[in-house]
There are 2 protein chains.
Amino acid sequence: MDDLTALLREKGLRSTPHRRAVLHALADRPHSTAVEVAEVVARAGAAAGPSAVSELSRQGLYNVLEDLRRVGLVRSIEPAGSATRFELQHGDNHHHLVCRVCGRVRDVPCAVGSAPCLEPAHQEGFEIDEAELVFWGRCAECAAR
Amino acid sequence: MDDLTALLREKGLRSTPHRRAVLHALADRPHSTAVEVAEVVARAGAAAGPSAVSELSRQGLYNVLEDLRRVGLVRSIEPAGSATRFELQHGDNHHHLVCRVCGRVRDVPCAVGSAPCLEPAHQEGFEIDEAELVFWGRCAECAAR
DNA sequence: CATCACGATTTGACTGTGTCAAAAGTAGGG
DNA sequence: CCCTACTTTTGACACAGTCAAATCGTGATG
C-alpha cells in the first residue's frame, strides 16, 4: 500500500488507478484544466506500458476531480476566461497570478499572514468564509516580448 | 441628444437603441448575466410599447456588452460556477461578495485605500496591473435560514 | 434633404466545458 | 473467494459563448 493509497483511504475514498493517476498528474502539472489532466494521465499511462491507465472517460475524470476536491486533496480555481483549473491542496493559503497573454497561472504566497484579505468579516450580515484573490498582469516571458 | 447618446459618442461608439437599452438595464440590475440583461431589456421594451426595442439577438447582446466593456463603460466579473456578470463601470475600485447559496453578488468598497491588494507589485518579473478580490460566504437572507 | 460608407445587428451553425442518468465494472471487507 | 457498495463508462444533453457571412441603420457628407 503506497503513499497515495494511504492518503485516499484516510479521506474515506477507495484507492483506484484513476485517482492515483490524477493526483500524480496534478503534482506534475499544477493549475491544469480537466482536459490537460486527461492528457497528462494518458501520456503517463502510455509511458508506463499497455497495462497502465491510459485513458479515463470525461465523466470519470470530473467525478475523480470532484471527489478529490470534496475531501480536500484538490482545490479548483476558475480564472475569468479560462476553464476550471485544478491543483493539489496543500495547507498553505496562497493566491494566484494569471498572465493575460499566455494564461499561465502561478502561485503567490499570501503576503499578509494566514487570512489576510478577510478583513470585512461581516458586511451587513454577510458571513464571509473565504477571500479569493487573483492578480492579473503579464508574466516575465510575455512582458519581455 | 440625451445623456446616454452623448456618453456613447464620447467613447467613439454610435448611439443605438440596443446600447442605450443595455446601459439602462445594467443601471437597473447590476451584476446581471447576459441572459438577465436580455430579459430586462425585453421587459423594458414591452413596457414602453411596440415601437421600442423588444429583443436583441444573442450575438448582438454579446457584441454590445463587449463594445461597452472595451470602452470602459461596463465591467465584467466571472464568479466561479456562474456565467459572466456585468455591471456599469464607475470610477470606484470595489470588490464583490458572492453568496454561496443564492449566488447573488454585492459590491463591497475597497477597504484599504484605492489600490489595496496590489501589494506584490512585482513577483519575479510578473507585472501586475489588477487585483481581483472575491469574498465568498452567505448573504444575510440565506444565513437566516 | 438624399446618399452612402462603414459600423452595428441578425442569423444559424458550431465549439468547449461541464452535467445527468442508467448500465457495467471493481475494490476490498467479510 | 464473494458480495455489496462505491467507481467508472456510455451516450445524450445543457449551457454559455463564438464564428462567419449577410443584412440593416447611423450619421457624415454633398
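Residue numbers start from 1 in every chain, and the chains themselves are labelled A, B, ... in the order their sequence lines are given, proteins ahead of strands. Hydrogens, waters and symmetry mates play no part in the numbers below; they use all other heavy atoms, side chains included.
- When the P atom of dT17(C) is taken as reference, atom CG of Leu65(A) falls 14 Å away, rounded to whole Å.
- Distance Glu78(B) CD to dG16(C) P: 18 Å, rounded to the nearest Å.
- Taking CG from Leu133(B) and NE2 from His95(A), the interatomic distance works out to 8.0 Å, rounded to the nearest 0.5 Å.
- The CD1 atom of Ile77(B) sits 7.5 Å away from the OG atom of Ser82(B) when rounded to the nearest 0.5 Å.
- Between atom CG of residue Asp107(B) and atom NE2 of residue His90(B) there is a gap of 9.0 Å, rounded to the nearest 0.5 Å.
- Salt bridge absent: Asp129(B) and Arg138(A) never bring a charged side-chain N and a carboxylate O closer than 4.0 Å.
- Counting any heavy atom pair closer than 4.0 Å across all strands shown, Thr84(B) reaches sugar-phosphate atoms only and no base atom.
- For the pair Leu56(A) CG and dC6(D) C1', the computed distance is 17 Å after rounding to whole Å.
- At whole-Å resolution of the value, CZ in Arg85(A) and C1' in dG18(C) are 16 Å apart.
- Rounded to whole angstrom, the span from the CG atom of Asn63(B) across to the P atom of dT10(C) amounts to 9 Å.
- The distance between atom CG of Asp67(B) and atom P of dT10(C), rounded to the nearest whole Å, is 13 Å.
- Minimum interatomic distance between Arg75(A) and His94(A) (heavy atoms only, all atoms of both residues): NH2-O, 3.2 Å.
- Residue His18(A) places at least one side-chain N or O under 4.0 Å from the OP1 or OP2 atom of dT9(D).
- The structure places CG of Asp67(A) at 6.0 Å from CG of Asn63(A), a figure rounded to the nearest 0.5 Å.
- As rounded to whole Å, 18 Å separates atom P of dG12(C) from atom CG of Leu61(B).
- In this structure, the ring pair (Phe, Tyr, Trp, His ring centres under 6.0 Å) partners of His31(B), at least two apart in sequence or on a different chain, are His96(B).
- Rounded to whole Å, atom P of dG17(D) lies 11 Å from atom CD of Glu36(B).
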Interface polar pairs with nucleotides 19-24 of chain C, N/O, under 3.5 angstrom:
unit_1, atom_1, unit_2, atom_2, d
dC20(C), N4, Gln59(A), OE1, 2.2

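- Listed nucleotides dT11(C), dT17(C), dA8(C) differ in distance to Arg19(B); the shortest reach to its side chain belongs to dA8(C).
- Contact detail for Ser76(B) and Arg69(B): the closest heavy-atom pair is OG-CD, 3.8 Å.
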Generate the contact string for nucleotides 24-30 of chain D. Rules: B means base contact, S means sugar-phosphate contact only, - means no protein heavy atom under 4.0 Å.
-BBSS--

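- Linking Ile, Leu, Val, Met, Phe, Trp and Tyr residues whenever their side-chain heavy atoms come within less than 4.5 Å leaves Leu26(B) and Tyr62(B) in two separate clusters.
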